Structures are given as C-alpha cells and as structure tokens.
Amino acid sequence: MAIKYELVHVDKNSGARLGVLHTPHGSFETPIFMPVGTQATVKTLSSKEIKEVSDGLILGNTYHLWLQPGDDIVKEHGGIRGFMKWDGALLTDSGGFQVFSLADIRNISEEGVTFKHHLSGATLNLTPEKAIEIQNNLGADIIMSFDECPPFHSDYDYMKDSVLRTIRWAKRGKEVHQFPEKQALFGIVQGGPYKDLRKMCIEELTKIDFPGYSIGGLSVGETKKEMYDMLEYLKDYMPKDKPRYLMGVGSPDDLIMGVLNGIDMFDCVLPTRIARHGSAMTSNGKIVIKNKLYEKDMGPLDSNCDCFVCKNHTRSYIRHLFKGKEMLGQRLVSYHNLYFLKNLMKQIREAIKEDRLLEFKEEFFKKYYG
RNA sequence: GGAGGGGUAGCGAAGAGGCUAAACGCGGCAGACUGUAAAUCUGCUCCCAACGGGUUCGGCGGUUCGAAACCGUCCCCCUCCA
C-alpha cells in the first residue's frame with residue numbers, strides 16, 4: 001500500500017481526528033492543509049519557499065499539466081516532483097474540478113468528458129482511465145479518481161445520474177491504476193445537498209475499496225450552513241480507518257469546521273489567490289493590504305506571526321508594492337498566507353491533542369471574525 | 001509678421017444644437033475571491049443636508065425655447081512659412 005493512515009487521537013468533545021499520514025515521501029501529522037500548485041508551481045513561490053510555508057504535502061493538477069506541457073514531459077523529469085524540484089509529497093487532482101469550472105467548454109458522457117481547449121480550440125477527451133494514466137505519469141503519492149463535480153444545487157435526478165456515473169468512473173479508474181503500491185488512489189464522494197445520494201456514494205465507494213476518501217462538490221457556491229450540515233452528516237459514514245480529504249476548502253473558519261467534523265486533509269487556492277489580489281489573512285481577520293488605511297502602517301501583516309515576511313516587512317511597504325504593481329507584493333503575501341494556514345493547522349492539532357478544539361474555535365472566531 | 005490646428009472632469013481622450021453631469025482608458029477609492037482559464041472580476045469616482053438639488057466643458061459677451069457644441073471677442077498652447 002502506498003499510504004497508511006494512523007488515527008492517533010480523537011478530541012473527546014468533538015469529532016476532530018488527530019492522525020499521521022504515511023506516504024512514500026514523508027509522514028505528515030493530520031489534519032493538514034495542502035497548498036495548491038496546479039501547474040507544478042504554487043503560484044509565485046519557489047520550491048524552497050513552499051517548503052517553508054507548507055507541511056510538506058502539496059497539490060498538482062491533471063488537466064492543466066496534461067494540456068501543458070504534457071504529462072510525457074513531466075514524466076521525463078521524474079514526475080512533478082522532479083519537474084518542479086519538490087522533495088516533499090504530492091497529491092494530484094484528477095481534472096474532475098475542471099468539469100465544474102470549465103462547464104461552458106465541456107461535454108459529459110458515460111465514456112468521459114470532452115473539453116474544448118480554451119487556447120487552441122482542440123477537442124480533448126478525458127476519461128476515467130486517461131485521468132489515471134496521466135496521474136501515473138505525474139507520479140504523485142496520492143491521486144484522485146476522475147469525478148464529475150456538479151453544481152451543488154443540481155436537481156435530484158441529474159445528481160443521482162451524476163453520482164452513479166462518478167461511482168462507475170471510480171471503479172474504472174481503479175481497474176487501470178498501474179502503481180497502487182506507489183500511488184494511493186482516492187474515491188470522491190459526491191451528491192450535492194442530497195443526503196441519501198451522499199450516503200449511497202460512500203457505501204459504493206467503500207465497496208470498491210480505496211485507501212482514502214475525498215469529499216467533493218462542496219465549497220462550490222452553496223452557503224456555509226449547507227456545507228457544514230453536510231459535513232456533519234457525512235462524519236458518521238466516512239470510513240474511520242482511512243484519511244478523509246475535503247477538497248477545495250481553505251478559509252480559516254471552514255478549516256476549523258471541517259476538522260470538527262472529522263476531516264483530515266484540505267487544499268485550497270484561496271490563500272494564494274487572495275494574496276495575489278491583495279488580501280492577507282491575519283489572526284485578527286482578513287485585511288485588504290491595498291487599502292489606504294495601511295499607507296503609513298509600520299507594523300507587520302500580522303503581529304502574531306513569525307514568518308519571514310512579518311519579521312521583515314511593514315504593511316506600508318507591502319501596500320506600496322501592490323500600488324506599484326510590483327510582483328514581490330504578491331509573493332510576500334502568498335508566502336505569509338500559506339504560513340498563516342500552516343500555523344493555524346498546527347494550533348488545531350495541538351488543540352485536538354488536548355481535547356479543546358471547541359474552545360479554540362470560539363477564541364479563533366472571536367478574534368478573526370469579531 | 002503670415003497660414004493652419006487646438007484648449008472637455010486628477011491625467012489622456014470622445015462628443016460638433018436637445019437622448020450629456022458628459023462615452024472610453026488611465027489613475028484613485030472600496031469590495032469579491034474556497035479540488036486555479038484568476039497579477040482576475042465587480043462597484044464608486046464634479047459638489048451637496050443627496051430616489052432630490054447645485055455648479056461645469058479656457059474667459060467674457062451673444063444667437064436660440066434650449067449651447068460643451070453656433071457667432072463675436074479676448075487669453076493660452078502646438079505645427080508650418082517668413
């Protein structure tokens with residue numbers, strides 16, 4: 001088996017799990033947050049910097065690397081790890097999210113999904129088998145089944161068809177997976193807001209038997225309450241001896257709520273995207289560093305942070321970089337935001353260890369959201 | 001001295017009698033962003049006690065029911081010829 005999940009402790013007052021995830025490229029304490037590096041780069045950061053602001057596990061993307069430069073070229077480099085000179089562990093998404101995000105240039109059938117390349121106009125066929133083949137070439141430690149990520153509020157009949165198809169696709173993918181001993185293939189739970197579909201999906205995926213399970217189709221436009229309700233429901237049905245990965249979630253409140261509902265792994269573009277757009281996460285809430293308010297602010301982004309950026313640069317300087325369209329601004333805030341989440345996850349793990357995650361949540365929310 | 005061209009909101013630049021408080025771009029201010037088609041997108045940006053009102057298009061004076069637009073005059077800028 002490529003990975004092994006070890007459940008170390010469950011918070012006595014919540015369902016939060018403390019564990020260790022063993023992979024071919026390192027063992028990681030969970031819950032863990034994984035920065036997203038879609039095109040074999042966590043945007044703006046070098047692999048050395050990624051190492052400093054992550055816990056050693058990051059994401060790559062099947063669809064984008066398949067289109068460019070092509071998984072064959074990545075394979076020649078020894079996979080994504082060799083390509084981007086990343087010596088930590090890796091997880092790749094299957095392209096399932098692109099079925100959602102590129103909805104207007106794709107077509108779904110039983111066989112797979114046809115995309116129209118947004119640049120060349122070429123027609124591209126991504127099937128469950130192809131997605132696994134590409135991921136075999138990309139060489140991540142953890143890979144995803146090809147799924148359809150449908151809009152949360154799709155109607156019941158559509159959702160049911162979609163979930164059943166996603167289950168069939170998961171099975172097809174597993175059957176062609178070449179290196180189960182090197183790469184752990186996860187199944188992805190879909191079903192939108194429909195609890196019976198979600199439950200059925202977990203049960204069917206569990207029958208196929210995967211080394212880990214992802215929860216997809218959340219944080220795609222539904223309300224936080226809808227997402228939290230679903231997480232609470234799913235908590236009791238997810239296999240306890242396997243890692244649980246909530247895909248695409250990364251705002252501080254959602255991370256805490258996810259952990260409280262038994263999630264072990266998260267990834268999200270939010271910290272790096274809002275950083276590039278000029279917002280920083282701080283222990284007192286999100287700030288828009290571009291604002292005039294910070295023109296003469298001599299303090300660090302977050303006075304409670306000990307990252308390189310906070311130890312060395314003022315808010316005034318970082319605002320200046322943004323106003324001057326200097327790319328260092330985007331780099332510095334990306335660095336800080338990822339470090340902030342890394343630190344948040346560390347605090348969460350410590351709180352679980354001491355059975356006080358609920359108290360931690362209260363304190364954190366009070367400071368972060370006022 | 002002669003011949004043309006031009007002066008529009010913080011800047012650049014449309015508009016050539018009513019649909020114009022004046023397109024568009026930049027700049028400025030604010031907001032959004034959740035398995036990355038995102039260094040992106042959205043809103044506001046003459047003044048005010050603002051679902052209404054008040055002042056604008058170099059200055060002044062006219063024509064007209066009505067002018068940033070037409071006429072006169074003055075001021076300033078640019079190009080060419082002496």
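Lettering follows sequence order; numbering is per chain, from 1. Note that the structure is a prediction, hence the values are computed from the model and not measured.
Nearest-nucleotide positions on RNA chain B for A/Met327 and A/Asp147 put A/Asp147 closer to the 5' end. In terms of position on RNA chain B, the residue among A/Gln330 and A/Val269 whose nearest nucleotide sits closer to the 5' end is A/Val269.
Counting any heavy atom pair closer than 4.0 Å across all strands shown, A/Gly217 reaches a base atom. No engagement by A/Ser214 is indicated, since no non-hydrogen atom pair under 4.0 Å with the nucleic acid exists. Residue A/Asp267 is classed as a sugar-phosphate contact, given heavy-atom separations below 4.0 Å to backbone atoms only.
For residues 245-258 of chain A, the salt bridge (Lys or Arg N to Asp or Glu O under 4.0 Å) pairs, not counting sequence neighbours, are A/Lys224-A/Asp253, A/Lys224-A/Asp254. Sorted by first and then second residue, the pairs that involve residues 19-30 of chain A and meet side-chain hydrogen bond (donor to acceptor under 3.5 Å, both in side chains), not counting sequence neighbours, are A/Glu6-A/His22, A/His22-A/Ser27, A/His25-A/Arg81, A/His25-A/Asp141. For residues 54-80 of chain A, the pairs satisfying salt bridge (Lys or Arg N to Asp or Glu O under 4.0 Å) are A/Asp55-A/Arg349, with sequence neighbours left out.
Rounded to whole Å, atom P of B/U34 lies 11 Å from atom CE of A/Met281. Atoms CG (A/Leu90) and C1' (B/G35) sit 14 Å apart, rounded to a whole Å. The distance between atom CG of A/Leu218 and atom C1' of B/G35, rounded to the nearest whole Å, is 11 Å. The distance between atom CG of A/Leu341 and atom C1' of B/C33, rounded to the nearest whole Å, is 14 Å. When rounded to the nearest whole Å, the span between CG of A/Leu328 and C1' of B/A39 equals 13 Å. The nearest whole Å value for the distance from the CG atom in A/Leu246 to the P atom in B/U34 is 14 Å. Separating the CZ atom of A/Phe340 from the P atom of B/U34 is a distance of 18 Å, rounded to the nearest angstrom. Atom-to-atom, CD1 of A/Ile287 to C1' of B/A32 comes out at 16 Å; the value is rounded to the nearest Å.
Taking the P atoms as reference points, B/U56 lies 38 Å from B/C41, given to the whole Å. Remark: the separation of the C1' atoms in B/A69 and B/C57 is 10 Å, to the nearest Å. Spacing between B/A23 and B/A30 at atom C1', rounded to whole Å, works out to 24 Å. Between B/A50 and B/G54, the distance separating the two P atoms is 13 Å to the nearest Å.
Here the nucleotide nearest the side chain of A/Arg276, chosen from B/A39, B/U34, B/A37, is B/A39. Side-chain proximity of A/Ser101 to the nucleotides B/U36, B/A37, B/U34 is greatest for B/A37. Taking every side-chain heavy atom of A/Arg273 into account, B/U36 is the closest of B/U36, B/G35, B/A37.
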For residues 31-42 of chain A, which side-chain donor-acceptor pairs fall under 3.5 Å, sequence neighbours excluded?
none

Return all side-chain donor-acceptor pairs below 3.5 angstrom for residues 265-274 of chain A, not counting sequence neighbours, or 'none' if the list is empty.
residue  : atom : partner  : partner atom : Å
A/Asp267 : OD1  : A/Tyr245 : OH           : 2.7
A/Asp267 : OD1  : A/Gly248 : N            : 2.8
A/Thr272 : OG1  : A/Val269 : O            : 3.0

Just distance, no hydrogens or angles: give the donor-acceptor pairs under 3.5 Å from side chains in residues 338-345 of chain A, sequence neighbours left out.
residue  : atom : partner  : partner atom : Å
A/Tyr339 : OH   : A/Asp306 : OD1          : 2.6
A/Lys342 : NZ   : A/Glu52  : O            : 3.1
A/Lys342 : NZ   : A/Ser54  : O            : 3.4
A/Asn343 : OD1  : A/Gln347 : NE2          : 3.0

What pairs of donor and acceptor atoms, side-chain ones from residues 183-200 of chain A against any protein atom, are under 3.5 angstrom apart with sequence neighbours left out?
residue  : atom : partner  : partner atom : Å
A/Gln183 : OE1  : A/Asn136 : ND2          : 2.8
A/Gln183 : NE2  : A/Gln135 : O            : 2.9
A/Gln183 : NE2  : A/Ala140 : O            : 2.9
A/Gln190 : OE1  : A/Gly217 : N            : 3.3
A/Gln190 : NE2  : A/Asp147 : OD2          : 2.8
A/Gln190 : NE2  : A/Glu148 : O            : 3.4
A/Tyr194 : OH   : A/Ser154 : O            : 2.8
A/Tyr194 : OH   : A/Tyr156 : N            : 3.4
A/Asp196 : OD2  : A/Tyr156 : OH           : 2.4
A/Arg198 : NE   : A/Gly192 : O            : 2.9
A/Arg198 : NH1  : A/Val189 : O            : 3.0
A/Arg198 : NH1  : A/Gly216 : O            : 2.9
A/Arg198 : NH2  : A/Gly192 : O            : 3.3
A/Arg198 : NH2  : A/Gly216 : O            : 3.3
A/Lys199 : NZ   : A/Glu203 : OE2          : 3.2

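Summarising the base pairing, B/A38 is matched to no nucleotide, lacking a Watson-Crick or G-U wobble pair whose two defining distances lie under 3.5 Å. Pairing for B/G27 is with B/U45, a Watson-Crick or G-U wobble pair whose two hydrogen-bonding atom distances lie under 3.5 Å. Across all strands shown, B/G17 forms no Watson-Crick or G-U wobble pair with both key distances under 3.5 Å. Judged by Watson-Crick or G-U wobble contacts below 3.5 Å, the nucleotide B/U79 has B/A3 as its partner. Across every strand in view, B/C70 sits in a pair with B/G62 that passes the Watson-Crick or G-U test at under 3.5 angstrom.
Residue A/Gln98 has a polar side-chain atom (N or O) positioned under 4.0 Å from OP1 or OP2 of B/A37.
Residues passing the salt bridge (Lys or Arg N to Asp or Glu O under 4.0 Å) test with A/Glu49 are A/Arg331, sequence neighbours excluded. A/Tyr213 is linked by a ring-ring contact (aromatic ring centres under 6.0 Å, His included) to nothing, counting only residues two or more places apart in sequence or in another chain.
Of all the residues in residues 184-194 of chain A, A/Ile188, A/Gln190 reach under 4.0 Å from RNA chain B with at least one non-hydrogen atom. Sorted by residue number, the members of residues 31-56 of chain A with any non-hydrogen atom under 4.0 Å from RNA chain B read A/Val36, A/Thr38, A/Lys43.
The hydrophobic clustering, which links ILVMFWY residues whose side-chain heavy atoms are closer than 4.5 Å, places A/Met247 and A/Phe100 apart.
Remark: A/Lys85 NZ is loosely packed, at most 12 non-hydrogen atoms of other residues, nucleotides or ligands lying under 6.0 Å away.
For A/Phe97 and A/Tyr63, the ring centers sit 6.0 Å or farther from each other.
For the salt bridge (Lys or Arg N to Asp or Glu O under 4.0 Å) criterion with A/Arg168, the lone passing option out of A/Glu110, A/Glu111, A/Glu204, A/Glu175 is A/Glu110.
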Response to the item:
In 5'-to-3' order, the base (B), backbone-only (S) or no-contact (-) status of each nucleotide in nucleotides 25-31 of chain B, using a 4.0 angstrom heavy-atom cut-off, is --SSSSB
